[in-house]
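Heavy atoms only: backbone and side chains are in, while hydrogens, waters and symmetry mates are out. Counting convention: from 1, in listed order, for ligands and their atoms alike.
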Amino acid sequence: MQHIDDTASSSFSAPEIREPILLTPGPLTTSHEVKQSMLVDWGSWDQDFRDMTAKLRAELLAMVSNAHDAFDCVPIQGSGTFAVEAMLGSFLPKSSKTLVLANGAYGLRIAKTLDYIARDYQLLDKGDYLPPRGDEVAALLAEDPTLTHVVAVHCETSSGILNPIEEISDAVSAAGCKLLVDSMSAFGAVELDMGKVTCEAFVSSANKCIEGAPGFGFVIARKTALEAAKGQCHSLSLDVHDQWTVMNKTGQWRFTPPTHVVAAFIKALEQHKAEGSVAGRGARYAQNRETLVAGMRTLGFETLLDDRWLSSIIVTFFNPADPAFSFDQFYELMKQKGFIIYPGKLTVVDSFRIGCIGHIDRHVMRNVVTAAQQSLTQMGVKSASPPQQALAERAKLLS
Ligand SMILES: *Cc1c(COP(=O)(O)O)cnc(C)c1O
């Protein structure tokens, strides 16, 4: 594998290590120090490991503005989806009816989860381009007084759209309903202020903006909601109330914890703090996004979303219309240059995605653009502009 290198000035590349850079929003590229922290075996019952668990919970809570003493943090083994399902199963009573706000694959996955766990819901599906807005949430809640809860996705990672969570929260509170948030790909880089967002609980995972290794997620929930969740969950292993009570009593996870991943996460938290916590991490990702989008636009690529909804987490680009372009070939050529990109996850148009999160900086992003340019040349693609039809469809939906 050949790496492009103009990164002498960058602390975010280790050119002696010929491993690909993951431009995927989890698992993502982690720092050398994070990887190195996984070289020790820990006993899960040992006091040293219990201290690590306590530290992890405390530091995550400290990242939430205005959480005061009202919230607690409960880690859950598994990938992010396990934590989402744990939150839904634990905080949605069997008699609840939920409004699910979807504008992409992760919102739809929430609806599918509610099918599995037999909780009643209504779906607002906004397609791929547009966020659910406060006024339409207010209207839907007013229309159906049997709705008790709303579930929203903070950053919808399938398109990269940053949903207006504060405006959604205002509408939910005004209607006297309760909000749950999937903040998987936003938490740690986008501020979540409990003074501005009123929610019962939200979730994220180890391998997104905190830049740890994959293996667990965490639920940050109001203590009153944690108390009320007793006996409510459909699943033993996903019962947030039970995990919370046992963890508070013994300092231990109920079942085998991902010890190495927890050790790596402690290191990742240290690096997150050193970078300036949420604001610092968010600023680097914003630079990554700006460098990437400006460079790709120079090549003729167009972003799926309007600038106002573009997050700093991941960006979706339309596939070029040029018949010489093939995504599979583009993927392979980018991989040969050291970059793993992500196929699109949209329902209608052909697209691909490039993540801006992980242990990468704008120098890396400049190299990504150079690699894209070289790959287009290798394929014989003359212009990266998208099909007129895709642009027309977007214009129609946005008007
Ligand atoms: C990554 C992600 C998830 C969880 O995905 P897993 O593959 O289970 O880790 C859920 N929601 C959003 C918005 C995500 O970005």
Side-chain angles (χ1 to χ4, degrees), residues 22-30 75-89 91 98 100-114 116-117 123 125-126 128 131-132 150-165 168 179-190 192 197 199 201-220 235 237-238 240 258 261-262 264-265 268 281-282 285 289 304-305 309-316 340-347 351 353-358:
L22 301 180
L23 300 165
T24 54
L28 38 63
T29 296
T30 57
I76 301 281
Q77 295 95 326
S79 87
T81 303
F82 292 62
V84 175
E85 188 165 341
M87 171 176 77
L88 298 173
F91 299 120
T98 300
V100 176
L101 308 178
N103 54 342
Y106 291 101
L108 295 176
R109 187 181 293 174
I110 287 167
K112 189 174 182 180
T113 307
L114 296 186
Y116 266 78
I117 67 175
L123 176 66
D125 185 357
K126 298 284 296 181
D128 293 325
V150 176
V151 188
V153 179
H154 196 179
C155 173
E156 176 46 79
T157 324
S158 48
S159 63
I161 203 164
L162 189 61
N163 285 324
I165 203 72
I168 291 168
L179 178 67
L180 302 175
V181 180
D182 172 355
S183 186
M184 201 69 66
S185 62
F187 183 70
V190 180
L192 201 47
V197 173
C199 67
F202 67 88
V203 284
S204 183
S205 79
N207 60 290
K208 300 261 167 145
C209 298
I210 317 285
E211 300 183 0
F216 70 90
F218 47 89
V219 180
I220 293 184
S235 154
S237 55
L238 298 178
V240 178
V261 176
V262 169
F265 195 71
R281 181 72 35 112
Y285 291 169
R289 195 261 329 263
L304 171 81
L305 299 172
W309 299 119
L310 276 184
S311 68
S312 299
I313 307 302
I314 185 167
V315 182
T316 300
I340 303 290
I341 62 170
Y342 220 38
K345 213 176 194 172
L346 302 180
T347 43
S351 61
R353 297 178 290 169
I354 295 185
C356 304
I357 67 178

Exercise for review: Kindly indicate, with the supporting measurements, whether the criterion side-chain contact (heavy atoms from CB on, under 4.5 Å) is fulfilled by Ile110 and Leu88.
Suggested key: CA-CA 8 Å; Ile110 287 167; Leu88 298 173; 4.0 Å; yes

Point to revise | Steps toward side-chain contact (heavy atoms from CB on, under 4.5 Å) verdict (Leu179, Phe202) | key: CA-CA 9 Å; Leu179 178 67; Phe202 67 88; over 6 Å; no

Exercise for review: Could you walk me through whether Leu22 and Ile340 pass side-chain contact (heavy atoms from CB on, under 4.5 Å), step by step?
Suggested key: CA-CA 5 Å; Leu22 301 180; Ile340 303 290; 3.8 Å; yes

Practice item. Go through Arg281 and Glu211 one step at a time and tell me if the side-chain contact (heavy atoms from CB on, under 4.5 Å) criterion holds. Key: CA-CA 10 Å; Arg281 181 72 35 112; Glu211 300 183 0; 3.4 Å; yes

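With a 4.0 Å cut-off on non-hydrogen atoms, Thr81 touches ligand 1 through its backbone as well as its side chain.
Of all protein heavy atoms, the one lying nearest to atom 9 (O) of ligand 1 is Gly80 N, 3.0 Å. Ranking protein heavy atoms by distance to atom 13 (C) of ligand 1, first place goes to Thr157 OG1, 3.3 Å. Of the protein's heavy atoms, Lys208 NZ, 1.4 Å lies nearest to atom 1 (C) of ligand 1. Shortest contact from atom 11 (N) of ligand 1 to any protein heavy atom: Asp182 OD2, 2.6 Å.
Near Cys155, meaning under 4.0 Å from one of its heavy atoms, ligand 1 places the atoms 13 (C). In summary, the atoms of ligand 1 found under 4.0 Å from a heavy atom of Ser185, numbered by their order in the structure, are 15 (O).
The number of heavy-atom neighbours closer than 6.0 Å to OH of Tyr342, taken from other residues, nucleotides and ligands shown, is above 12.
The CD1 atom of Ile357 lies 7.5 Å from the OG1 atom of Thr157; values are rounded to the nearest 0.5 Å.
Between the side chains of Asn163 and Asn103, at least one donor-acceptor pair of N or O atoms lies under 3.5 Å.
Not a single N or O atom of Ser205, backbone or side chain, sits closer than 3.5 Å to an N or O atom of ligand 1.
Within the 4.0 Å heavy-atom shell around ligand 1 one does not find Ser183. Within the 4.0 Å heavy-atom cutoff, Glu156 does not count among the residues contacting ligand 1.
For the residues Glu85, Met184, Arg109, His154, the heavy atom positioned nearest atom 3 (C) of ligand 1 is part of Met184.
Phe216 and Phe265 have their aromatic ring centers within a separation under 6.0 angstrom.
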